[in-house]
Chemist: 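Attaching a single structure in structure tokens format; questions to follow.
Numbers restart at 1 for each chain; the letters A, B, ... are given by sequence-line order, proteins then strands.
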Amino acid sequence: MLRSERVDRETLAEIVAGDIESGSFVNLGIGQPTLVSNYLTAEHNVTLHTENGMLGMGRAAEEDEIDGDLINAGKIPVTETPGAAYFHQADSFALMRGGHLDVCVLGAMQVSATGDLANWHTGEPDAIPAVGGAMDLAIGAKQVYVMMNLFTREGEIKLLPEATYPLTGVGCVSRVYTDHGIFELSDSGTVTVRGLFGLTFDELQSKSEIEFVDATGN
Amino acid sequence: MTNIVESAAEAVANIDDGSTVLIGGFGNAGQPMELIGALLEGGAKNLTIVNNNAGQADEGLALLIKERRVDKIICSFPRQSDSWHFDEAYRAGEIELELVPQGNLAERLRAAGAGIGGFFTPTGYGTMLAEGKETREINGRNYVLEYPIHGDVALIKAFKADEKGNLVYRKTARNFGPMMATAAKQTIVQVEEILPTGELNPENIVTPSIYTDVMVAIETESTQLAAREQGAK
């Protein structure tokens with residue numbers, strides 16, 4: 001997949017949604033991954049999981065639908081869909097940890113070539129750490145996709161040979177969707193480039209110490 | 001036997017200083033606000049609190065922290081936009097934090113209630129939250145040894161109970177209640193309504209009465225929300 005321009009967050013969300021198989025059980029992380037739900041159609045027949053205890057989560061609640069007892073992991077009021085189910089936290093995390101969830105889409109600060117994820121803590125000494133369900137989500141789905149910008153505001157690439165921030169999970173990410181391209185990761189550290197947006201393969205390669213494999217033509 | 005009492009104050013009357021108190025809720029959903037309010041009024045101090053969060057805004061758990069009644073908190077997500085009382089206590093070095101991934105927190109509580117001495121979990125392996133902990137490779141995957149979290153007291157909010165102490169919950173307010181009810185020496189429950197024994201369908205009970213020690217009926221917004229939902233159908 002090649003595009004001449006960098007893609008915006010909505011377009012990227014649409015691309016991710018397009019890669020989710022019909023009938024999947026999916027958890028969408030807080031922030032950018034939540035946008036994916038806007039592009040999941042009836043044909044997707046996706047069941048959304050929220051780790052605070054629900055399968056079959058619907059869209060955000062509006063006005064008189066708002067119910068303080070029905071919130072998502074971001075503590076936002078949501079709705080239930082027909083066929084929804086509630087369960088307690090131990091069951092909710094067991095269904096992830098047990099490998100029953102098909103896909104989890106998460107944001108990230110850094111991802112390593114072997115799929116290490118850093119998305120919970122900058123490691124700065126004055127930062128108050130908060131992890132929530134991030135570490136459970138990272139290791140808890142059959143496929144973990146990351147959505148992020150490829151570069152920081154300072155222009156540093158966030159897909160690295162090794163992460164420098166404290167890790168959320170080791171070797172857990174299988175695909176990385178960014179504004180500048182799509183990457184498939186492997187245990188061996190081989191990073192296959194599936195798409196490039198507003199960046200040539202050589203430009204990408206010049207910004208990283210990872211030796212990328214070009215599969216954008218496939 | 002479940003002891004039904006008339007007020008939140010009565011329900012929490014015998015919580016001692018230095019107790020480990022498990023408090024249900026994820027954000028405000030399922031947080032037993034009235035029981036926490038009574039605990040605050042009652043004056044118990046040097047508490048260890050177990051909750052997913054470390055209090056929001058100026059109510060519930062946040063006020064216990066503000067009043068410096070909490071020596072230590074075990075939680076997964078203390079820092080949020082409105083956790084200013086925790087933030088202040090933490091930066092002042094006046095509260096100890098044990099940060100636990102959310103799924104490990106739930107499972108450690110479940111383990112306590114189920115008589116499990118410890119368990120190996122993949123969550124957190126290779127991260128700073130597993131530093132110093134025993135690890136083991138089992139069938140090619142790496143795990144971290146985690147221990148149960150026992151409470152002296154659990155404060156939880158359920159939706160409805162029967163007089164025997166069987167409990168049902170409402171929507172995502174169920175969250176930590178069922179595990180915490182099993183993990184404490186004494187489980188104190190606030191419910192919207194206590195029905196005559198036999199009125200709850202035994203197939204639908206989430207927490208069986210064996211875990212419920214003290215119970216008080218307090219109507220909250222959950223009752224109105226359920227009534228509105230019923231009316232819409």
Side-chain angles (χ1 to χ4, degrees), chain A residues 30 50-54 57 64-80 84-99 116-118 120-121 123 126-140 163 165-172, chain B residues 26-30 52-54 56 75-80 83 86-87 90-91 97 99-111 113 121-130 141-142 159 169-180 206-207 220-222 225-226 228-229 232:
Chain A
I30 296 165
T50 182
E51 61 268 28
N52 54 314
M54 180 185 196
M57 178 178 70
D64 62 357
E65 291 173 335
I66 292 171
D67 182 329
D69 288 337
L70 178 46
I71 60 174
N72 67 12
K75 305 190 176 81
I76 307 292
V78 291
T79 53
E80 62 188 27
Y86 297 108
F87 31 80
H88 60 59
Q89 294 268 310
D91 279 351
S92 187
F93 284 90
L95 80 77
M96 279 194 275
R97 204 190 302 113
D116 294 352
L117 171 68
W120 75 287
H121 191 21
D126 63 335
I128 297 177
V131 66
M135 289 185 180
D136 306 274
L137 289 161
I139 57 90
Y165 285 144
L167 294 186
T168 312
V170 177
C172 53
Chain B
F26 177 89
N28 288 339
N52 187 64
N53 303 101
Q56 288 86 228
C75 70
S76 86
F77 205 77
R79 184 204 62 218
Q80 36 192 63
S83 62
F86 170 80
D87 298 359
Y90 183 78
R91 290 191 200 284
L97 168 67
L99 192 69
V100 182
Q102 198 174 331
N104 285 357
L105 185 66
E107 194 65 15
R108 289 176 66 187
L109 290 161
R110 199 195 71 80
T121 172
T123 302
Y125 177 82
T127 74
M128 59 190 266
L129 296 189
R141 196 171 191 197
N142 292 303
F159 182 49
Y169 299 83
R170 186 165 184 271
K171 303 186 185 287
T172 58
R174 182 181 308 193
N175 56 63
F176 286 92
M179 280 79 63
M180 288 182 170
V206 176
T207 295
T220 73
E221 194 196 10
S222 297
L225 291 168
R228 185 190 70 188
E229 188 184 23

Chemist: Please determine, among A:I128, A:V170, A:I66, the option with the most heavy-atom pairs under 4.5 Å with chain B.
Modeler: A:I128

Chemist: Which atoms form the tightest heavy-atom contact between B:R174 and A:H88, and what is the distance?
Modeler: CD-N, 3.7 Å

Chemist: Among the options B:T121, B:L109, B:L225, pick out the one with the most heavy-atom pairs lying under 4.5 Å from chain A.
Modeler: B:L225

Chemist: Counting heavy-atom pairs under 4.5 Å to chain A, which of B:L129, B:V206, B:N28 comes out on top?
Modeler: B:L129

Chemist: With chain B as the partner, which of A:E65, A:E80, A:R97, A:M96 has the greatest number of non-hydrogen pairs under 4.5 Å?
Modeler: A:R97

Chemist: Under the criterion side chain to side chain contact (heavy atoms under 4.5 Å, CB included), I'd like the reasoning laid out for A:F93 against B:E107: C-alpha separation, chi angles, the key distance, then a yes or no.
Modeler: CA-CA 8 Å; A:F93 284 90; B:E107 194 65 15; over 6 Å; no

Chemist: Considering non-hydrogen atoms only, spot the tightest contact between A:L167 and B:G126 and give its length.
Modeler: CD1-O, 3.9 Å

Chemist: If you compare all heavy atoms of B:T172 against all heavy atoms of A:L70, which two are closest, and at what distance to 0.1 Å?
Modeler: OG1-CA, 3.4 Å

Chemist: Could you have a look at A:P129, A:G68, A:G171 and say which one has the most heavy-atom pairs with chain B under 4.5 angstrom?
Modeler: A:P129

Chemist: If you tally heavy-atom pairs under 4.5 Å against chain B, which of A:L137, A:I71, A:D69, A:N72 wins?
Modeler: A:D69

Chemist: Side chain, backbone, both or neither: which part of B:N53 has an atom under 4.5 Å from a heavy atom of chain A?
Modeler: side chain

Chemist: Please classify the contact between B:R79 and chain A as side chain, backbone, both or neither, with a heavy-atom cut-off of under 4.5 Å.
Modeler: both

Chemist: Over all heavy atoms of both residues, which pair between A:D136 and B:P101 is shortest? Give the atoms and the distance, please.
Modeler: OD2-CB, 3.6 Å

Chemist: Output the distance between atom CG (A:N52) and atom CG (B:N175), rounded to the nearest 0.5 Å.
Modeler: 7.5 Å

Chemist: Measuring heavy-atom distances to chain A, does B:F86 have an atom under 4.5 Å in its side chain, in its backbone, in both, or in neither?
Modeler: side chain

Chemist: Closest approach of A:M135 and B:G124, non-hydrogen atoms and distance?
Modeler: SD-CA, 3.8 Å

Chemist: Of the backbone (N, CA, C, O) and the side chain (C-beta and beyond), which part of B:Y90 lies under 4.5 Å from a heavy atom of chain A, both, or neither?
Modeler: side chain

Chemist: So, A:K75 versus B:Q56: side-chain donor-acceptor pair below 3.5 Å or not?
Modeler: no

Chemist: Does any heavy atom of chain A fall under 4.5 Å from the side chain of B:L97, the backbone, both, or neither of them?
Modeler: side chain

Chemist: What distance separates B:K171 NZ from A:M54 CE, expressed to the nearest 0.5 Å?
Modeler: 7.0 Å

Chemist: Answer yes or no: is there an ion pair linking B:R228 with A:D64, defined by an N-O contact shorter than 4.0 Å?
Modeler: no

Chemist: At a heavy-atom separation under 4.5 Å, does B:R91 approach chain A through its side chain, its backbone, both, or neither?
Modeler: side chain

Chemist: Work out which heavy atom in A:A73 is nearest to a heavy atom in B:F26; give both atom names and the distance.
Modeler: O-CZ, 3.4 Å

Chemist: For chain A, which of B:A232, B:P122, B:G27, B:G177 has the most heavy-atom pairs under 4.5 Å?
Modeler: B:P122

Chemist: Determine the option with the most heavy-atom pairs under 4.5 angstrom with chain B, choosing from A:I139, A:D91, A:T168.
Modeler: A:I139

